[in-house]
Amino acid sequence: MLSAEKNRTLTQVGAGTPMGELLRRYWHPVAAASDLDASPIKPVRIMGEDLVVYRDLSGTLGLIGRHCKHRAADLAYGYVEQCGLRCHYHGWTYDDKGSCIAQPFEQQFDPQERLKKRIRTTAYPVQEKAGLLWAYLGPQPAPLLPDWETFSWKNGFVQIVFAEVPCNWLQAQENSIDPVHFEWMHDNWKLRLEGRTGPYAPRHLKLGFDEFDYGFVYKRVREGADENDPLWTVGRVCLWPNGFFLGEHFEWRVPVDDENMLSVTWSFIRVPKEAEPYEQKRIPAWTSPIRDPATGRWITSHVVNQDIVAWVGQGTIADRTKENLGASDRGVSMLRKQLFKDIDAIADGKDPKGLIRDPARNVRVELPNIGRKIYTEGMTLAQYREHPFWKKLLNDFRWHYGQPEDVRRDFRRAMGLE
């Protein structure tokens, strides 16, 4: 249980709030690079700030304030030039550093460009990596954008999935260090949703939680297994500060504002050995529906959709003054304590947990991974079809509902299923 004041501290993400200032020390995925294929400008909202990300005609990426500093026109309807983004209203143009570089009419009457020189808009660093566009909203010098080992794996089909979720980011991230929910929500509830009454899934017998440089690892032993199981010897990663890593995919819970978040999934599936070598030309991205338009109810058929039902069911911002934590929630308590510790650290002028500043350390950074051998060495299609986990992914993208037909078709071709 938390006090109302501490709950506000952990959930408010605007500029100047303790959590907002903490989260601004990290890089966050805000869009997919392929989002800019159809249109080079995309509006984004992160931690209460309305911005646009764009790629100009020279290929330079920019992330700037959404509204023109002239008369607040919406730059999401602007157009890119060789350098920068031009407002459609009166032609004012901004570069990726936020400088106003053109004021067509005013420049006729202000040859010294006094007005232009003093106009600046909000601008943040943005980088492309692994098919995602990453934003950094914090103070300089910025840390390095992590080069996770998974991003360099070969012979894989990658896709990026977004879901717009109407709740605070923290109740989603607390899910990332809650192993017992797999037993009940993803195993037993799924069984009941399918109209069956049993048998229920193996029970959790033992939990463990370890801290490491880039977050926490949770470990578990379930009925029918022992401490030699990789789920105990290696475990799963609660990636700091707002990520989750399951070996073949990442999930990030990106705060949009206090009451909304963007769920971002980056998924890797290695193609069968018969299809190697395989080089993916373009990483597709799509948005997963979370409500059934016919009934208005939350979609419950897929893993992350089931998670979303739990997150939004706690309310827009969970009231942690009314909760009753138990033994299974030790990881949640550890997560909260580390967040408060990091808030204190940045107040003292120190770095919070998990930042990488040394380029020598930022080369294919490994995370605990129970499936690395499969992802790096591969399997035949026959082995895929016999595998208890991977055979399910051949038939359906089990993480999110609503995979578009064109993405499904490209996946099947890559996997040699067509």
Side-chain angles (χ1 to χ4, degrees), residues 13-16 20-21 23-145 162 254-257 262 282-283 285 357 359:
V13 298
E21 293 305 303
L23 291 174
R24 280 167 172 76
R25 264 61 177 184
Y26 299 88
W27 289 88
H28 298 276
V30 294
S34 59
D35 287 341
L36 302 185
D37 291 348
S39 172
I41 308 165
K42 180 180 176 66
V44 298
R45 180 170 167 82
I46 178 171
M47 288 184 277
E49 297 193 40
D50 289 309
L51 309 166
V52 288
V53 61
Y54 70 86
R55 179 183 284 114
D56 68 19
L57 296 178
S58 72
T60 300
L61 290 167
L63 180 66
I64 65 174
R66 181 165 179 172
H67 296 281
C68 180
K69 302 300 283 188
H70 180 203
R71 285 165 55 194
D74 187 351
L75 291 176
Y77 291 90
Y79 49 96
V80 294
E81 298 285 12
Q82 188 66 26
C83 177
L85 175 59
R86 187 182 294 277
C87 179
H88 63 284
Y89 200 10
H90 297 96
W92 288 25
T93 307
Y94 304 89
D95 68 11
D96 61 301
K97 302 297 190 296
S99 299
C100 185
I101 58 174
Q103 294 176 336
F105 186 82
E106 282 70 18
Q107 288 170 206
Q108 298 180 61
F109 300 93
D110 181 17
Q112 286 75 39
E113 299 184 339
R114 289 167 295 186
L115 177 61
K116 189 177 75 173
K117 289 175 182 176
R118 72 169 188 260
I119 298 297
R120 292 190 60 83
T121 192
T122 301
Y124 295 114
V126 57
Q127 292 187 38
E128 180 177 346
K129 193 175 190 65
L132 285 163
L133 301 181
W134 302 78
Y136 177 75
L137 278 65
Q140 295 294 329
L144 299 174
L145 174 58
F162 300 101
V254 181
V256 170
D257 50 39
L262 183 67
R282 175 180 178 273
I283 296 177
R357 296 196 181 275

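In this structure a side-chain-to-backbone donor-acceptor pair under 3.5 Å is present from Arg86 to Gly91. Judged by distance alone, the side chain of Tyr26 and the main-chain N or O of Pro143 form no donor-acceptor pair under 3.5 Å. In this structure, Arg24 contributes its side chain and Met47 its backbone to a donor-acceptor pair below 3.5 Å. Judged purely by atom type and a 3.5 angstrom limit, Asp35 has no side-chain atom pairing as donor or acceptor with the backbone of Lys42. Side-chain N or O atoms of Glu128 include none that pairs as donor or acceptor with a backbone N or O of Leu133 at under 3.5 Å. Listed for the Thr121 side chain is no donor-acceptor partner under 3.5 Å among the backbone atoms of Ile119.
The closest side-chain heavy-atom distance from Cys83 to Thr60 is not below 4.5 Å. Looking at Leu262 and His28, their side chains never come closer than 4.5 Å, going by heavy atoms from C-beta outward. Between Arg120 and Cys100 the shortest side-chain heavy-atom distance does not fall below 4.5 Å. Contact annotation: the side chain of Cys87 approaches that of Leu75 to within less than 4.5 Å [non-hydrogen atoms, C-beta and beyond]. Within the 4.5 Å cutoff, no side-chain heavy atoms of Pro43 are placed close to those of Asp50. Using a 4.5 Å cut-off on side-chain heavy atoms (C-beta onward), Lys116 and Gln107 make contact.
Salt bridge annotation for Asp257-Arg45: present, with a cationic side-chain nitrogen under 4.0 angstrom from a carboxylate oxygen.
When every heavy atom of Asp74 is checked against every heavy atom of His67, the shortest pair comes out as CA-ND1, 4.1 Å. Contact between Phe162 and Ala31 at its shortest, heavy atoms only, is CZ-C, 3.7 Å. Heavy atoms only, all atoms of each residue included: His88 and Tyr79 are closest at CA-CE2, 4.0 Å. Nearest heavy-atom pair, Gly98 versus Ala123, reported as atom, atom and distance to 0.1 Å: N-CB, 3.5 Å. The two residues Trp92 and Lys69 come nearest to each other via the heavy atoms CZ3-C, 4.1 Å.
Of the candidates Tyr124, Trp134, Tyr136, Tyr136 is the only one forming a ring pair (Phe, Tyr, Trp, His ring centres under 6.0 Å) with Trp27. Between Leu85 and the options Thr93, Asp95, Ile64, a side-chain contact (heavy atoms from CB on, under 4.5 Å) holds for only Ile64.
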Go through it in stages, so that I can follow the logic: the residues are Val44 and Leu63, the test is side-chain contact (heavy atoms from CB on, under 4.5 Å), and I'd like the CA-CA distance, side-chain angles, deciding distance and then a yes or no. CA-CA 9 Å; Val44 298; Leu63 180 66; 3.9 Å; yes
The test is side-chain contact (heavy atoms from CB on, under 4.5 Å); show your working for Arg55 and Leu61 and say whether it passes. CA-CA 4 Å; Arg55 179 183 284 114; Leu61 290 167; 3.9 Å; yes
